[in-house]
**Student:** 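Dropping a structure here in structure tokens format, bear with me for questions.
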Amino acid sequence: MAEIETKSPSNFIKMIIDEDLKAGKNESRVATRFPPEPNGYLHIGHAKSICLNFGLAKEYEGTCNLRFDDTNPVKEDVEYVESIKEDVRWLGFDWEAREYYASDYFEQLYHLAIRLIKDGKAYVDSLSADEIREFRGTLTEPGKESPYRNRSVEENLDLFQRMRDGEFEDGRHVLRAKIDMAHPNLLLRDPTLYRIRKTAHHRTGDQWCIYPMYDYTHCISDAIECITHSICTLEFENNRALYDWVLEQLGLPCRPRQYEFARLNLNYTVLSKRKLIQLVTENRVSGWDDPRMPTISGLRRRGFTPESIRTFCERIGVAKANSIVDIALLEHTIREDLNKSAPRMMAVLRPLKVVIENYPEDKVELLEAVNNPEDPAAGTRQVPFSREIYIEQEDFMEDPPKKYFRLAPGREVRLRYAYFITCKEVIKDPANGRIVELRCTYDPATRGGDAPDGRKVKATLHWVSAAQAVGAQVRLYDRLFVKPDPDEKVEGKTFLDFINPNSLEVLNDCKLEPALAQAAPGRMFQFERLGYFFADPKECAAGRLVFNRTVTLKDSWARIAQNG
RNA sequence: UGGGGGAUCGUCUAGCGGUAGGACUACGGACUCUGACUCCGUCUGCCGAGGUUCGAAUCCUCGUCCCCCAGCCA
């Protein structure tokens, strides 16, 4: 794998780090962390955070920990931690031995909570969830203090111990920080620190029945790991006050700081865990790794490379303004990467038979084709040519518009690496009038693709020799939603109503040049003039070829045809 | 009507008192045995109004609009 670029554009976080370093903070260390909750699969938005956190560590010669924020057993699962590790690794990042879990800190967290209780900074509340909500007040009105707020330290200690011991049912009590029920920041109105959950945890089993909340856990985990810059997304800006409050009460040796950046939004897709889960559980897609999904596993299955995703994350930048990135940029970075590396092949997706009348019946000749014009080292290969070939249906028009310069009756075009051919006759199915075959002639003098007399031809078509062609299934993927913003508010509709009905088209009668018969699962190819295609890692096999279209080539003819 | 944040080309994003730059997109053109790639070129931008200054995207004032917060989710 190529070395990951260490130089990337500046951003406000780097400026903060530069200042910290100049001021000699944190013993000149830079320590970040990527802290996913294992309750879903990672998506392209997480890739932004991963590239940011690991990228910063690399650039400043620091460290980036992988830490699972696993404080809510009812939503989390090992399946997710495994997929997350696989995805981070696949993206090209290495957390070495620094694989941590918030659940590893449960004991420390518990003892720190006892300290808060002893300091009079936390108390056990016995209000119900509904009552707590009522007591919290509103955005404009202060809250009211719980009648349990002034329990004695001894009573709090006793109750908290019994909470841990499993004496109470879920919801019976919670541990709360004692801050200020009138605070304008609602998060500081005595936030919940611990709740009772008699649920087995995917790592700690039934060892615990009380679990710490995010705000309490995250900052302490950062401090335990001596993180210097704790980077999260904008919606946590309000939480920073609580992050700081907890750390200030505890006075731990390390004092991390939280900074927030804008999460990634992409048009024509959704990036919320809830919606992604819904797409999977309602079978709107085939799974988390459906090639239409914006998940890392989906992108991987689609044929995106780690390099292209990293480049994308670098190009979008890091800032504090909410924004929606055009998916065209993602498509650009994958084309850019694959153009350099993908071997070119010829494949006919929607075959139209062409018989070359003046070509000998059983002659088969091998023509030399360039494997990758962008990479001379990729060499050449031999492609068989014969009397009967297939071309793309859309490469022929009986009555072409002015700007169309592919094959048409009486017109001459070039078959790539082969000969010039001229269309002499169109054969139709008498039953329905559909074109079923073309009768053409070739010019033997144009072998290899050039005319000795110097005459030019407007178009070059890809083709496959019929007798040697190998069959394949090709899946044409397109954007999952028809609206740039699937969440746009429309009366009586949800994002599910905007799923693109044509986001997947399966073609079962594709004809590929014989070299593709050996295509190994997981390999990328450019099918000339069509796009980049990925031999499906799970389903492609020697006897049954299956390709996923990653992205089309840019197609200026499509634009002309559409705009008239 | 509380608090916390944010506004720069169509879209992302630089800029840190001294010529508003880059990328993507779009549109022209050159090249071409991929209507690809590449290369040239063009279009469009500082949320608004005042103020400070020789000079303001940047500093000040007042507005406007957008986002986040009332989980025992993260």
Side-chain angles (χ1 to χ4, degrees), chain A residues 9-11 15 35-37 39 69-72 74-76 125 127-129 132-134 136-143 170-176 182-189 191-197 211 213-215 217-218 232-241 260 262 264 267 273 314-333 335-336 339-340 344 346 369-370 373-374 403-406 414-418 420 448-450 456-462 484 526-531 552-561:
Chain A
S10 184
N11 58 53
M15 292 173 80
E37 182 189 13
N39 68 343
D69 230 327
D70 55 350
T71 58
N72 187 358
V74 317
K75 290 186 175 178
E76 299 154 7
D125 196 359
L127 252 23
S128 69
I132 285 181
R133 190 181 326 112
E134 286 165 24
R136 186 153 31 226
T138 68
L139 294 179
T140 51
E141 305 158 30
D170 287 12
R172 187 70 185 74
H173 305 285
V174 291
L175 183 73
R176 291 232 255 169
H183 198 103
N185 180 347
L186 306 213
L187 282 166
L188 260 25
R189 318 245 261 228
T192 301
L193 266 23
Y194 270 89
R195 77 286 216 192
I196 300 170
R197 281 278 178 285
Y211 292 93
M213 300 286 289
Y214 165 84
D215 286 303
T217 309
H218 200 89
C232 63
T233 45
L234 252 31
E235 65 270 28
F236 290 98
E237 281 177 320
N238 297 320
N239 299 247
R240 190 174 61 237
E260 311 87 15
L264 171 66
N267 56 16
K273 269 187 190 175
E314 182 176 311
R315 302 252 172 102
I316 58 177
V318 177
K320 294 202 70 158
N322 291 313
S323 60
I324 302 170
V325 174
D326 191 339
I327 197 154
L329 180 58
L330 218 209
E331 295 171 348
H332 174 261
T333 60
R335 285 192 187 106
E336 182 180 51
N339 177 52
K340 293 179 297 187
R344 316 288 134 121
M346 290 200 284
V370 174
E374 305 288 326
K403 287 178 179 169
Y404 184 90
F405 50 77
R406 274 110 97 145
R414 170 170 39 234
L415 293 179
R416 186 139 161 99
Y417 300 124
F420 284 12
D450 284 303
K456 298 293 181 191
V457 97
K458 286 284 279 290
T460 298
L461 311 186
H462 61 278
Q526 182 195 103
F527 290 175
E528 293 214 32
R529 304 209 302 133
L530 297 173
T552 61
L553 251 29
K554 290 223 313 197
D555 187 350
S556 51
W557 161 244
R559 213 174 295 127
I560 294 167

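Naming: A, B, ... by sequence-line order, numbering from 1 per chain. Computed from heavy atoms alone, side chains included, the values below leave out hydrogens, waters and symmetry copies.
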**Student:** Please determine, for the side chain of A:Asp69, which listed nucleotide (B:A74, B:C73, B:A70) has the closest atom?
**Tutor:** B:A74

**Student:** Less than 4.0 Å between a side-chain N and a carboxylate O, is that true for A:Lys75 and A:Glu37?
**Tutor:** no

**Student:** Taking the same atom, P, in B:G17 and in B:U38, what whole-Å distance lies between them?
**Tutor:** 37 Å

**Student:** Which atoms of nucleotides 38-43 of chain B (N or O only) lie under 3.5 Å from a protein N or O atom, and what are those distances?
**Tutor:**
none

**Student:** Mind checking the P distance from B:A7 to B:C60? Whole angstroms is fine.
**Tutor:** 14 Å

**Student:** Has the side chain of A:Asn238 got a donor or acceptor atom sitting under 3.5 Å from an opposite partner on the base of B:G3?
**Tutor:** yes

**Student:** If you assign A:Asp450 and A:Asn185 each to the RNA chain B nucleotide with the nearest heavy atom, which residue ends up on the more 5' nucleotide?
**Tutor:** A:Asn185

**Student:** Which of the following nucleotides, B:C72, B:G2, B:C68, is nearest to the side chain of A:Glu235?
**Tutor:** B:C68

**Student:** Hey, is A:Tyr214 stacking on B:A74? Ring centres under 5.5 Å, planes under 30°.
**Tutor:** no

**Student:** Given B:A70, B:G35, B:G5, identify the nucleotide with an atom nearest to the side chain of A:Thr138.
**Tutor:** B:A70

**Student:** Which nucleotide wins on minimum distance to the side chain of A:Leu139, given the candidates B:C72, B:C69, B:G35?
**Tutor:** B:C69

**Student:** Strictly under 3.5 Å: I want the nitrogen or oxygen pairs between protein and nucleotides 10-16 of chain B, one per line.
**Tutor:**
from, atom 1, to, atom 2, distance (Å)
B:U11, O3', A:Ile324, O, 3.3
B:U11, O2', A:Ile324, O, 3.0
B:C12, OP1, A:Ile324, N, 3.2
B:C12, O5', A:Ile324, O, 3.4
B:C12, O2', A:Ile316, O, 2.7
B:A14, OP1, A:Val318, O, 3.4

**Student:** Given atom NZ of A:Lys456 and atom C1' of B:G35, what is their separation to the nearest angstrom?
**Tutor:** 17 Å

**Student:** Look through every strand shown and name the nucleotide pairing with B:A70 as Watson-Crick or G-U wobble, where both distances are under 3.5 Å.
**Tutor:** none

**Student:** What nucleotide, of B:C73, B:C27, B:C24, holds the atom closest to the side chain of A:Ala328?
**Tutor:** B:C24

**Student:** Report yes if at least one side-chain N or O of A:Arg172 is closer than 4.0 Å to OP1 or OP2 of B:C72; otherwise report no.
**Tutor:** no

**Student:** So that I know where these two stand, are A:Phe405 and A:Trp557 an aromatic pair - ring centroids less than 6.0 Å apart?
**Tutor:** no

**Student:** Send over the distance from A:Arg344 CZ to B:C37 C1', rounded to a whole Å.
**Tutor:** 8 Å

**Student:** How many whole angstroms separate atom NZ of A:Lys273 from atom P of B:G71?
**Tutor:** 20 Å

**Student:** Are A:Arg189 and B:A70 close enough that a side-chain N or O sits under 4.0 Å from OP1 or OP2?
**Tutor:** no

**Student:** OP1 or OP2 of B:U25 less than 4.0 angstrom from a side-chain nitrogen or oxygen of A:Lys554, does that happen here?
**Tutor:** yes

**Student:** From NZ of A:Lys340 over to P of B:C37, roughly how many Å is that when rounded to an integer?
**Tutor:** 14 Å

**Student:** Restricting to side-chain contact (heavy atoms from CB on, under 4.5 Å), what partner residues turn up for A:Ser128, sequence neighbours left out?
**Tutor:** A:Asp130, A:Glu131

**Student:** I'd like to know if A:Arg559 reaches the base of B:G35 with its side chain such that a donor and an acceptor end up less than 3.5 angstrom apart.
**Tutor:** no

